[in-house]
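The sequence lines fix the lettering, A, B, ..., with proteins before strands; numbering per chain opens at 1.
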Amino acid sequence: MVVTRFAPSPTGYLHLGNARTAIFSYLFARHHGGKFILRIEDTDRERSKKEYEESLVEDLRWLGLDWDEFYRQSERFDIYRKYVDQLLEKGYAYPCFCTEEELERERREAELKKIPYRYSGRCRNLTEREVERLKAEGRPYAIRFRVPDGRTVVFEDLIKGKIAINVDDFGDFIIVRSDGTPTYNLVVVIDDALMGVTHVLRGEDHISNTPKQILIYKALGFEPPSFAHLPVILGPDRSKLSKRHGAVSVASYREEGYLPEALFNYLCLLGWTPPSGDREVFLKEELIEIFDLKDVNRSPAVFSVEKLRWMNGVYIREVVSRERLYEAALPFLKEAGYPVEDREYVMKVLELTRDAYETFKEMVIRLRPFFVDEVEIPENLMNPLRDARDVLSEFLKRLEGADLSSPDKVKEFVKGIIRDMNLKPRQVWHPLRVALTGEEEGVGVDILMSVLPKEKLRSRVERVLSCLG
RNA sequence: GCCCCCGUCGUCUAGCCUGGCCUAGGACGCCGGCCUUUCACGCCGGAAACGCGGGUUCAAAUCCCGCCGGGGGUGCCA
């Protein structure tokens, strides 16, 4: 059975890049009818925060992901200890008493001599007596993995192909910190092995960790899983997408009024190509059906808010159901302070206007005239209105007996005025729009007139007329 | 510096493995037109790319070599 996992560290909010990794891991597992695990990698107690963990889980759920198992590494330290002992016993690891200052000095020296830095291996060959003595002195110590000399670790990456790295490129690395907590490279191996993970999907920034982990797998007698290293997501300047490029957290897109379905879909298009045709809009279920690692790209992709925005528009206007649209839009309408008690009214407005905005933030602005009591007319728009006084009074005169039950009926009604007054369409529509919305552009006036109660239409126009004197 | 990864329109990409069907296809964005009560939506059209240099071949985006460019890693972070 295929088992994948998403293993974020709770040191910040869910980043778009990590979200995509999670999505690919999820799609891959679901596609193969396998298991998807969420594992919180919080071995670094200094930087891990509970609030981040909670927001991670919330964002993942919001995106539409679900998992079969959940783990927290901070609760598994006992398990790791056993394996560390095993490595120590068999000589695959050894205690290191070097202090941070000493290591810092080594690093600086290497830099000065312009040679690549590796740990010197000073504590590598301490005798048992020396170790005992140092321990007795109460000296704190970390535990390092003993990297064999001169070996080249080769693995077949499912996306990049064959990757070979000489282990001389890195020295003996730390697997347990001097405070006793295990590090990432160790626990990721133990957990993946114990949890039966068959495919590790992660960002390509982990490629250099992979040989270290393979060494540990071997030392522990585990069979390494398959690896698939996803290309990173870049910002507009082609460097790794980060805060300085703007909003990069999933949460910020939720707050901006993006649908999770659209974000999910868009993220999939970053570095993966659907196999069939030119279609790019796919529901989660379809993505599960067609997702395949062989269609994942090798090269990094630049994140484009414009395209995300476009896709969100597609979802709003033609993909999601009216119920889903209502459910997703409601919080934004509420937050704007619009009255939303009348469910039918809100539904109707949303349905008629869904092609007029691409995010819910934009919707709030666009839909203002549908929800506020009174509209303010900017001073500069009053003058043009003055010339259309007779149009407005004619409108008022005919309003009572008019059938405004649908946008089409409204069109008929307005056409009547245009015809009878012998005017151009614009000479009637424009003043009506300004009088009813206070704006010169926006959602169709026919739509507005068909949903707003007649009393409201009347009062808005009357108010304008009285202002004009 | 060293190691690793990557390189087709501005961006996401198809094509590359299995050379000719590529006058390099699609999408976002952009420009123009149509529709129209403005903007938008929709429809139609357009500009826009094989990083460079060698080779192999009748023929190269596709195969080989070199260069250049970009990115990532180089932690007692993950």
Expressed as a whole number of Å, how far does the [atom1] atom of [N] sit from that of [M]?
{"N": "B:rG7", "M": "B:rU56", "atom1": "P", "answer": "26 Å"}
{"N": "B:rC34", "M": "B:rA27", "atom1": "P", "answer": "22 Å"}
{"N": "B:rA14", "M": "B:rU37", "atom1": "P", "answer": "43 Å"}
{"N": "B:rC52", "M": "B:rU8", "atom1": "C1'", "answer": "15 Å"}
{"N": "B:rG29", "M": "B:rC35", "atom1": "C1'", "answer": "22 Å"}
{"N": "B:rC50", "M": "B:rG42", "atom1": "P", "answer": "31 Å"}
{"N": "B:rG71", "M": "B:rA24", "atom1": "C1'", "answer": "26 Å"}
{"N": "B:rC31", "M": "B:rG70", "atom1": "C1'", "answer": "30 Å"}

Scan every strand shown for a Watson-Crick or G-U wobble partner of [N], both distances under 3.5 Å, and answer none if you come up empty.
{"N": "B:rA24", "value": "none"}
{"N": "B:rU18", "value": "none"}
{"N": "B:rU57", "value": "none"}
{"N": "B:rG7", "value": "B:rC68"}
{"N": "B:rC41", "value": "none"}
{"N": "B:rA48", "value": "none"}

Quiz item: So A:Phe291 and A:Trp272, would you call those rings parallel, tilted or perpendicular, with 30° and 60° as cut-offs?
Solution: tilted
Exercise. Measure up the A:Phe155 and A:Phe227 rings against each other and bin them: parallel (under 30°), tilted (30 to 60°), perpendicular (over 60°).
Key: perpendicular
Classify [X] by what it touches in the nucleic acid, base, sugar-phosphate, or nothing, heavy-atom distance under 4.0 Å.
{"X": "A:Val445", "value": "base"}
{"X": "A:His229", "value": "nothing"}
{"X": "A:Cys98", "value": "base"}
{"X": "A:Arg426", "value": "sugar-phosphate"}
{"X": "A:Arg107", "value": "sugar-phosphate"}

Just how far, in rounded Å, is [atom2] of [N] from [atom1] of [X]?
{"X": "A:Asp237", "N": "B:rG71", "atom1": "CG", "atom2": "C1'", "answer": "11 Å"}
{"X": "A:Ile207", "N": "B:rA78", "atom1": "CD1", "atom2": "P", "answer": "19 Å"}
{"X": "A:Leu103", "N": "B:rG75", "atom1": "CG", "atom2": "P", "answer": "10 Å"}
{"X": "A:Asp446", "N": "B:rU36", "atom1": "CG", "atom2": "P", "answer": "13 Å"}
{"X": "A:Trp429", "N": "B:rU38", "atom1": "CH2", "atom2": "C1'", "answer": "12 Å"}
{"X": "A:His15", "N": "B:rA78", "atom1": "NE2", "atom2": "C1'", "answer": "14 Å"}
{"X": "A:Glu102", "N": "B:rG75", "atom1": "CD", "atom2": "P", "answer": "17 Å"}
{"X": "A:Glu358", "N": "B:rC41", "atom1": "CD", "atom2": "C1'", "answer": "10 Å"}

Check whether any side-chain nitrogen or oxygen of [X] sits under 4.0 Å from OP1 or OP2 of [N], and answer yes or no.
{"X": "A:Lys294", "N": "B:rC17", "answer": "no"}
{"X": "A:Arg279", "N": "B:rG26", "answer": "no"}
{"X": "A:Arg202", "N": "B:rG73", "answer": "no"}
{"X": "A:Thr183", "N": "B:rC76", "answer": "no"}
{"X": "A:Asn185", "N": "B:rC76", "answer": "no"}

Among [options], find the nucleotide with the atom closest to the side chain of [X].
{"X": "A:Glu41", "options": "B:rC76, B:rA78, B:rG26", "answer": "B:rA78"}
{"X": "A:Thr43", "options": "B:rA78, B:rG71, B:rG7", "answer": "B:rA78"}
{"X": "A:Trp310", "options": "B:rA78, B:rC28, B:rG70", "answer": "B:rC28"}
{"X": "A:Asn209", "options": "B:rC39, B:rA78, B:rG73", "answer": "B:rA78"}
{"X": "A:Lys411", "options": "B:rC39, B:rC76, B:rU37", "answer": "B:rU37"}
{"X": "A:Glu306", "options": "B:rG29, B:rG72, B:rU11", "answer": "B:rG29"}
{"X": "A:Ser239", "options": "B:rC28, B:rG71, B:rC3", "answer": "B:rG71"}
{"X": "A:Glu204", "options": "B:rU37, B:rC6, B:rC5", "answer": "B:rC5"}
{"X": "A:Arg298", "options": "B:rG73, B:rC6, B:rC12", "answer": "B:rC6"}

Quiz item: Just wondering, do A:Leu436 and A:Arg460 contact through their side chains at under 4.5 Å, heavy atoms?
Solution: yes
Quiz prompt | Side-chain touch A:Asn265/A:Val281, heavy atoms, less than 4.5 angstrom | solution = yes
Quiz item: Toward the 5' end of RNA chain B, which comes first, A:Pro8 or A:Gly271, by nearest nucleotide?
Solution: A:Gly271
Quiz item: Between A:Ser178 and A:Ile165, which has a closest nucleotide on RNA chain B that is more 5'?
Solution: A:Ile165
Quiz item: Would you say the side chains of A:Tyr117 and A:Glu106 form a donor-acceptor pair under 3.5 Å?
Solution: yes
Do the side chains of [X] and [Y] get close enough for a salt bridge, i.e. N-O under 4.0 angstrom?
{"X": "A:Asp191", "Y": "A:Arg5", "answer": "no"}
{"X": "A:Glu104", "Y": "A:Arg107", "answer": "yes"}
{"X": "A:Arg433", "Y": "A:Glu441", "answer": "no"}

Exercise. Quick one: list whatever passes side chain to side chain contact (heavy atoms under 4.5 Å, CB included) with A:Asn380, sequence neighbours left out.
Key: A:Pro378
Determine whether a donor-acceptor pair (one donor, one acceptor, N or O, separation below 3.5 Å) exists between the side chain of [X] and the base of [N].
{"X": "A:Asp205", "N": "B:rA78", "result": "no"}
{"X": "A:Arg317", "N": "B:rC41", "result": "no"}
{"X": "A:Arg118", "N": "B:rC3", "result": "no"}

